[in-house]
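Beneath this line is the structure, given in C-alpha cells, with notes to follow.
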There are 2 protein chains.
Amino acid sequence: MSSTPAKKSLKKSTRESSSKTQSKRIEAKRNKRKIIMQAALDLFSSNGVHGTSVEQIADLAKVSKTNLLYYFASKELLYVEVIQQLLDVWLVPLKGFNSEQDPIEAIANYIEVKLALSRDNPKESRLFCMEVVQGAPLLFNQLGSPLRAIVEAKVQVISDWIKAGKLAPIDPYHLIFSIWATTQHYADFRVQVEAVTGQSLDNPEFFAATLHSIQTIILNGVRPQHS
Amino acid sequence: MSSTPAKKSLKKSTRESSSKTQSKRIEAKRNKRKIIMQAALDLFSSNGVHGTSVEQIADLAKVSKTNLLYYFASKELLYVEVIQQLLDVWLVPLKGFNSEQDPIEAIANYIEVKLALSRDNPKESRLFCMEVVQGAPLLFNQLGSPLRAIVEAKVQVISDWIKAGKLAPIDPYHLIFSIWATTQHYADFRVQVEAVTGQSLDNPEFFAATLHSIQTIILNGVRPQHS
DNA sequence: GTCTATAATATGATAGAC
DNA sequence: GTCTATCATATTATAGAC
C-alpha cells in the first residue's frame, strides 16, 4: 500500500540476524510473493493458466523469471496459491443472510454485495469462472464441501422464509444460482456487456441501474402489477 | 452419423477424375474436417486453446497430427473455424420473439429455448463463455455488430410491451442479460451445479424443475403474492 | 492425402557463481 | 536472494518420400 522506500541495496550484512532484520526479511518476502501473485492473477484471469508463461508473469511483477521460481517452486504451485487466495475472497460474501432478517431486504442486500464483488474483484470472478467452466480440475477438491455447506445453510434459511409465507414458493437452489449467475455475469461477460451497452459496472450510474434491475427482476418479476 | 463402411483402402486410381469421384472426395474431405472440428470443440471447450495441443485433437479425431495440419493450416486457423461455426449455433435462438406475441408467453418460451440450448450444446456454451471471459480476442470483431443488432431489436420489442402496459417497467438490456446469465449458468457452471445439487440438465426432471424455477423467478419474482 | 523425419521455437525448470 | 547460463521438453509446423 505505502510507497516502497528505495529498494534494498546492501549485500547481506554478514550474519546480522537480529530479530528485527529477520522480520523485515520475512515481510519483504511476503510482500514480493504478493506482488507476484497479483501479476499472476492478472494474467491467468485474462489468458488462462496455459496461455500465460512464467516469463510474462515475471515481467509484469518486475522480477526475473529465475527469481520468480525462487519464490514459487513451479508455475503449477503458483497457480494453486492464486486459486486458494481467490477462494478466501470468494466464499466470504456467500455467508450472507439468516432467517431472522426480512427476506426481501436480505435478498436485495445479497444481490448488492455480490454485484459489488463483481465490480471490485472482476479478475477473481473471471478466474473462478474459467476454472469452473473447465471442470475445475483444481478447485473442487477444496471447494466441494465448504461450498455445499454454505449453500445448504442458505437453502435452509430460504426454506424457512417460504414456510413462513414470507417468500413465494421457489426452489431455493435455483434462486441462489440465479443470483450468482446474474451478478457474476457483469464481471465474467464484461466485454459482451460493453459491446452491447457501452457500459460497465465501473460507471456508478450503470452499477446503480444494474443493481436496481436485478433486484426488481428477482424480487418482483417482469409481470405487470395488476392495479 | 452412419457407420463408416471399411476405411478407404485403394491408392489413388491413376487420374480417374469423373465428377462422381470428385464430389465423393469433396464430401469426404468436408466430413473429415467436421470430425476434426468436433474433436477440437471437445478439447478447446474443456482445456482452452492453449491447454490443447494439435496432437491431442488429432488423437481424438483419429487422424495423424500431420494429416490434421493438412486439413487445417494451423491450430489458430482451426480455432477460428471452430469459433465461427459456434456463432451459427449461438445466434439463431436469439432471434426469438416479436412484439405481436404475448410477452409472458414469449419470455417463458425464450427461457426454455435458451435452457435447452444449454442442455444440448453445453460445449459450445462453455467455449463461448471462455472466449468472452478472456476478452474475446477473436470473437468480437465478428460478433460485435450482429449481436448488437439482434439485441437492439429485442430491446425494442420489450420496450413496446412495457409501453403497452403488458410488462413491468424493467430495463430491457438487463432483462436480456438476466435470461442469458441464468440459462447459460447451467452449462457453463455445470460442475458447480453438480457439486451442489448432484444434478444436471441431462436429467429431464431436473431440466423441468430448473426451467420452471427460472421462469417463475423472472416472470413473478420471489415476493409472496398478497391474496 | 498420408506418412516419417525433422526443423524451429517456446517455455518450464535447474545449476552454480556471486 | 538474485543473476547468468543452460538443460530438457513439448509443441507447432514443414520438407519430402510414397
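The shown structure was predicted, so the numbers you read here are calculated from the model rather than taken from an experiment. We name chains A, B, ... by the order of the sequence lines, and we start the count at 1 in each one. Just so you know, these numbers use all the heavy atoms, side chains as well, and skip hydrogens, waters and symmetry mates.
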End axis versus end axis in the helix from C:dG1-D:dC18 to C:dC18-D:dG1, the angle rounded to 10°, five pairs used at each terminus: 0°
Side-chain N or O of B:Y70 closer than 4.0 Å to phosphate OP1/OP2 of C:dG1: yes
By salt bridge (Lys or Arg N to Asp or Glu O under 4.0 Å) - contacts of B:R190 (at least two apart): B:E194, B:D202
Rounded distance (Å) that lies between atom P of C:dT2 and atom NZ of B:K62: 16 Å
Euclidean distance, atom CD1 of residue B:I26 to atom C1' of C:dG1 [Å, nearest integer]: 15 Å
Base-contact (B) and sugar-phosphate-only (S) positions in nucleotides 9-15 of chain C, heavy-atom cut-off under 4.0 Å, - elsewhere: ---BBBB
All pairs passing side-chain hydrogen bond (donor to acceptor under 3.5 Å, both in side chains) where residues 61-72 of chain A contributes a residue, at least two apart: A:K32-A:N67
D:dT2 OP1/OP2 closer than 4.0 Å to side-chain N/O of A:S64: no
Aromatic plane relationship, A:F177 with B:H185 - under 30° parallel, 30 to 60° tilted, over 60° perpendicular: tilted
Under 4.0 angstrom between A:Y71 side-chain N/O and D:dT2 OP1 or OP2: yes
Partner set under salt bridge (Lys or Arg N to Asp or Glu O under 4.0 Å) for A:E152, not counting sequence neighbours: none
Nearest-angstrom distance from the residue atom CG of B:L68 to C1' of C:dG1: 13 Å
Separation of D:dT14 P from B:F72 CZ (nearest whole Å): 15 Å
Non-neighbouring partners of A:E81 that pass salt bridge (Lys or Arg N to Asp or Glu O under 4.0 Å), sequence neighbours left out: A:R33
Report all side-chain donor-acceptor pairs from residues 124-132 of chain A shorter than 3.5 Å, counting only partners two or more places apart or in another chain.
unit_1: A:S125; atom_1: OG; unit_2: A:D188; atom_2: OD1; d: 2.7
unit_1: A:R126; atom_1: NH1; unit_2: A:A187; atom_2: O; d: 2.9
unit_1: A:E131; atom_1: OE2; unit_2: A:Y79; atom_2: OH; d: 2.6

Rounded distance in Å - CG (A:N67) to P (D:dA5): 17 Å
Partner residues of A:D171 under the salt bridge (Lys or Arg N to Asp or Glu O under 4.0 Å) criterion, sequence neighbours left out: none
Residues, nucleotides or ligands: over 12 heavy atoms within 6.0 Å of B:E76 CD: no
Pairs involving residues 109-122 of chain B, ordered by first then second residue, that meet side-chain hydrogen bond (donor to acceptor under 3.5 Å, both in side chains) (sequence neighbours left out): B:Y110-B:W180, B:K114-B:Q184
Protein-nucleotide distance (B:L43, atom CG; D:dT12, atom P), rounded to Å: 12 Å
